[in-house]
Amino acid sequence: MAATKVKGSNQGRVMKGIIFTEFMEMVEDRFSEDVAEEIIELADLPSGGSYTSLGTYSHAEVLNLVTCLSQVSGAKIEDLVQAFGEYLFGRFADVHADFFENVSGSLDFMMKVEDYIHIEVQKLYPEANPPKLSCDRIADNEMTLHYASHRPFAPLAKGLIQGCAAWFKETIEVSQEDLPGSGPGTEARFHLVKVA
């Protein structure tokens with residue numbers, strides 16, 4: 001995923017503050033508080049980097065933060081976004097344990113994201129605009145997942161998939177086919193195979 005530093009424009013594309021607060025917590029946890037402060041200063045954000053979980057902010061800000069974290073840490077942007085997806089899934093599972101009731105595995109969980117979990121999320125956050133997901137279950141251990149969003153977060157989706165597999169203590173082989181969408185990282189097809 002290519003990210004560029006964007007100042008002052010949200011292009012009508014906003015995200016809930018909980019994504020930002022969780023990202024900053026991951027940075028503090030995996031790197032340090034000093035690194036978190038450094039990337040906020042480097043990113044020169046319209047919000048000043050002061051986030052609340054219920055606030056709404058431009059998705060350009062999180063792209064700026066990831067770009068700055070890449071510069072500071074030397075890690076690739078895509079790797080950082082995937083790592084955040086894995087981290088975010090774990091936090092999501094802690095907060096929304098009810099979503100996991102009567103779900104036996106990661107593929108079953110992913111099958112219910114679009115028609116149940118995203119609906120419940122929009123009840124909690126009416127202005128949320130989650131990505132569109134569609135799943136095609138090929139076999140008990142195999143499925144394809146189509147991701148489409150106006151935000152360039154296909155690598156985040158891959159991280160969430162990996163985080164889901166880790167939460168269920170499963171091993172899933174994930175291959176990704178990038179699709180044109182509305183720009184790089186906005187649309188992808190994932191092929192998932194659960195390994196015994």
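- For the atom pair CD1 (I161) and CG (L107), the distance works out to 10.0 Å, reported to the nearest 0.5 Å.
- Not a single ring pair (Phe, Tyr, Trp, His ring centres under 6.0 Å) links Y87 to another residue, sequence neighbours left out.
- The cluster map of Ile, Leu, Val, Met, Phe, Trp and Tyr, joined by side-chain heavy atoms under 4.5 Å apart, puts V113 and V103 in the same cluster.
- For residues 131-141, the set of pairs meeting the side-chain hydrogen bond (donor to acceptor under 3.5 Å, both in side chains) definition, not counting sequence neighbours, comprises D108-R137.
- Side chains of K16 and T56 form a contact here, defined as non-hydrogen atoms less than 4.5 Å apart.
- Considering only residues two or more places apart in sequence or on other chains, L88 meets the side-chain contact (heavy atoms from CB on, under 4.5 Å) condition with I19, E22, F84, L160.
- Residues E61 and L45 are in side-chain contact: their nearest non-hydrogen atoms beyond the backbone lie under 4.5 Å apart.
- For E38, the side-chain contact (heavy atoms from CB on, under 4.5 Å) partners at least two apart in sequence or on another chain are L42, V72.
- Scored by the salt bridge (Lys or Arg N to Asp or Glu O under 4.0 Å) test, K194 finds E170 as partners (sequence neighbours excluded).
- Under the side-chain hydrogen bond (donor to acceptor under 3.5 Å, both in side chains) criterion, S73 pairs with no residue, sequence neighbours left out.
- Residues W167 and F100 bring their aromatic ring centres within 6.0 Å.
- Looking at heavy atoms from C-beta onward, T144 lies out of side-chain contact with L192 at the 4.5 angstrom threshold.
- Connection of F99 to V95 is not established within any shared hydrophobic cluster, with ILVMFWY side chains joined at heavy-atom distances below 4.5 Å, either directly or through further cluster members.
- Residues satisfying the side-chain hydrogen bond (donor to acceptor under 3.5 Å, both in side chains) criterion with Q176, sequence neighbours excluded, are D178.
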Report the C-alpha distance between L63 and F153 in whole Å, list the side-chain angles of each, state the deciding distance to 0.1 Å, and finish with yes or no for side chain to side chain contact (heavy atoms under 4.5 Å, CB included).
CA-CA 10 Å; L63 295 177; F153 292 141; 3.4 Å; yes

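- Pairs passing the salt bridge (charged side-chain N to carboxylate O under 4.0 Å, His left out) check and including a residue from residues 27-36, sequence neighbours excluded, do not occur.
- Taking 4.5 Å as the limit, some side-chain heavy atom of I40 sits within range of a side-chain heavy atom of L65.
- The two atoms that bring L156 and V81 nearest to each other are N-CG1, 3.3 Å, heavy atoms only.
- Within the structure, ring pair (Phe, Tyr, Trp, His ring centres under 6.0 Å) contacts touching residues 28-52 (residues at least two apart or in different chains) are F20-Y51, Y51-Y57.
- Residues I172 and V193 fail the side-chain proximity criterion, which asks for heavy atoms closer than 4.5 Å.
- Not counting sequence neighbours, the partners of D98 by the side-chain contact (heavy atoms from CB on, under 4.5 Å) test are H96, E101.
- Between T21 and I18 the shortest heavy-atom distance is OG1-O, 3.1 Å.
- Partners of L179 according to the side-chain contact (heavy atoms from CB on, under 4.5 Å) rule, which considers only residues two or more places apart in sequence or in another chain, are H146, E177, E187, R189.
- Side-chain atoms of S70 never come within 3.5 Å of backbone atoms of V66 as a donor-acceptor pair (strictly under, hydrogens ignored).
- In this structure, NZ in K158 is found 13.0 Å from CG in L145, a value given to the nearest 0.5 Å.
- Within the model, atoms CD of E25 and OG of S53 stand 9.5 Å from one another, a figure rounded to the nearest 0.5 Å.
- Ring geometry, H150 versus H59: the interplanar angle exceeds 60°, so the pair is classed perpendicular (tilted spans 30 to 60°).
- Residues passing the side-chain hydrogen bond (donor to acceptor under 3.5 Å, both in side chains) test with Q162, sequence neighbours excluded: none.
- Pairing each heavy atom of C164 with each of F109, the nearest pair is SG-CD2, 3.8 Å.
- In this structure, the side chains of P152 and P184 stay at 4.5 Å or more apart for every pair of heavy atoms.
- Side-chain contact between I39 and F23 is present, with at least one heavy-atom pair separated by less than 4.5 Å.
- In this model, a donor atom of one side chain and an acceptor atom of the other lie less than 3.5 Å apart for E142 and H191.
- The shortest heavy-atom contact between E114 and P131 is OE1-O, 3.6 Å.
- Crowding of K76 atom NZ: a count of heavy atoms from other residues, nucleotides or ligands under 6.0 Å not exceeding 12.
- Residues Y147 and T186 approach most closely at CE2-O, 3.6 Å, considering heavy atoms.
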